[in-house]
Amino acid sequence: MQLVLRHGVAKALIMGVLGAVAAYVTLALASTFVQEVWLGGVSYQRSESSVLILAAVFTPLCAFAGGLVGSLVAGRARWLATAILCGFIAVETAYLYSTQRVDGPLWFEAGAAAALILAACAATWLHERRKER
């Protein structure tokens, strides 16, 4: 019984990590496309208000897409994958802010990270609701 239980836990951990990695790659590629290619680079201090508004709308949509991909890959471990993804987002935001690789104030960068986390959680919740039906 313990071997079966351990096998189930190990499988859930592996699927959760794989889901989180797939979600993060999706988020990174999509947000890079939106912010760097489509919008020509986003900067709190140098971008026009319209660019910041577009980034504020479409970057969380990238996190939503990442959350969906992570949920699909992780299967039953979808919330574990989302929790790991949220941790990645928080750590990356803290790193970028502390090394001054972003030019926004703390409230702006923290708000952006919160929007990404909420979007990823919303995607996971939506996927779970659709699976129940």
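Values below: all heavy atoms of this structure, side chains included; hydrogens, waters and symmetry mates excluded.
- With sequence neighbours excluded, the residues satisfying side-chain contact (heavy atoms from CB on, under 4.5 Å) with Cys86 are Thr82, Ile117, Cys121.
- Cluster annotation: Val25 and Leu61 are assigned to distinct hydrophobic clusters (Ile/Leu/Val/Met/Phe/Trp/Tyr, side-chain heavy-atom contacts under 4.5 Å, transitive).
- Partners of Ala83 by side-chain contact (heavy atoms from CB on, under 4.5 Å), not counting sequence neighbours: none found.
- Side-chain contact check for Phe108 versus Tyr97: every heavy-atom pair is 4.5 Å or farther apart.
- Residue Leu118 shares its hydrophobic cluster (ILVMFWY side chains chained together at separations under 4.5 Å) with no other residue.
- The shortest non-hydrogen separation linking His127 to Ser71 is ND1-CB, 3.6 Å.
- Here salt bridge (charged side-chain N to carboxylate O under 4.0 Å, His left out) pairs that include residues 18-43, with residues two or more places apart or in two chains, number zero.
- Expressed to the nearest 0.5 Å, how far CG of Leu39 lies from OG of Ser31 amounts to 11.0 Å.
- Summarising the hydrophobic clusters (Ile, Leu, Val, Met, Phe, Trp, Tyr; side-chain heavy atoms under 4.5 Å, direct or chained), the residues clustered with Val91 are none.
- Interatomic distance, CD1 of Ile84 versus CH2 of Trp79, reported as 13.5 Å (0.5 Å rounding).
- Contacts of Gln35 classified as side chain to side chain donor-acceptor pair (under 3.5 Å), with partners at least two apart in sequence or in another chain: Thr59.
- Tyr95 pairs by the side chain to side chain donor-acceptor pair (under 3.5 Å) definition with Arg101, not counting sequence neighbours.
- Judged as a side chain to side chain donor-acceptor pair (under 3.5 Å), and not counting sequence neighbours, Gln100 has no contacts.
- When the ring-ring contact (aromatic ring centres under 6.0 Å, His included) test is applied to Phe58, the partners found at least two apart in sequence or on another chain are Trp38.
- Of all heavy-atom pairs spanning Gly66 and Ala23, the tightest one is O-CB, 3.0 Å.
- Hydrophobic clustering keeps Ile53 apart from Phe64 (ILVMFWY residues linked when any side-chain heavy atoms are closer than 4.5 Å, directly or through intermediates).
- Residue pairs that meet the salt bridge (charged side-chain N to carboxylate O under 4.0 Å, His left out) test with at least one member in residues 37-65, sequence neighbours left out, are Arg46-Asp103.
- Shown here for Ile89 and Ala113, the closest heavy-atom pair between the two residues is CG2-O, 3.9 Å.
- Across all non-hydrogen atoms, the minimal contact from Ala120 to Leu85 is CB-CD2, 3.8 Å.
- Summarising the geometry, atom CG belonging to Leu52 is positioned 8.0 Å from atom OG belonging to Ser43; distances are rounded to the nearest 0.5 Å.
- By the side-chain contact (heavy atoms from CB on, under 4.5 Å) test, Glu92 pairs with Tyr24, Leu96, sequence neighbours left out.
- Put simply, the side chain of Glu128 reaches to within 4.5 Å of the side chain of Arg78, judged on heavy atoms.
- Hydrophobic clustering (side-chain heavy atoms under 4.5 Å, transitive across Ile, Leu, Val, Met, Phe, Trp, Tyr) keeps Ile14 apart from Val9.
- Residues satisfying the side-chain contact (heavy atoms from CB on, under 4.5 Å) criterion with Ala63, sequence neighbours excluded, are Leu27, Leu116, Ala119.
- Residues Ala22 and Val73 come closest through the heavy atom pair CB-CG2, 3.9 Å.
- Using a 4.5 Å cut-off on side-chain heavy atoms (C-beta onward), Leu13 and Leu80 make contact.
- Under a hydrophobic clustering in which Ile, Leu, Val, Met, Phe, Trp and Tyr are joined whenever their side-chain heavy atoms come within less than 4.5 Å, directly or via other members, Val34 and Val51 fall into the same cluster.
- Residue Gly41 comes nearest to Ser47 through the heavy atom pair O-OG, 3.6 Å, listed as atom of the first residue, atom of the second, then distance.
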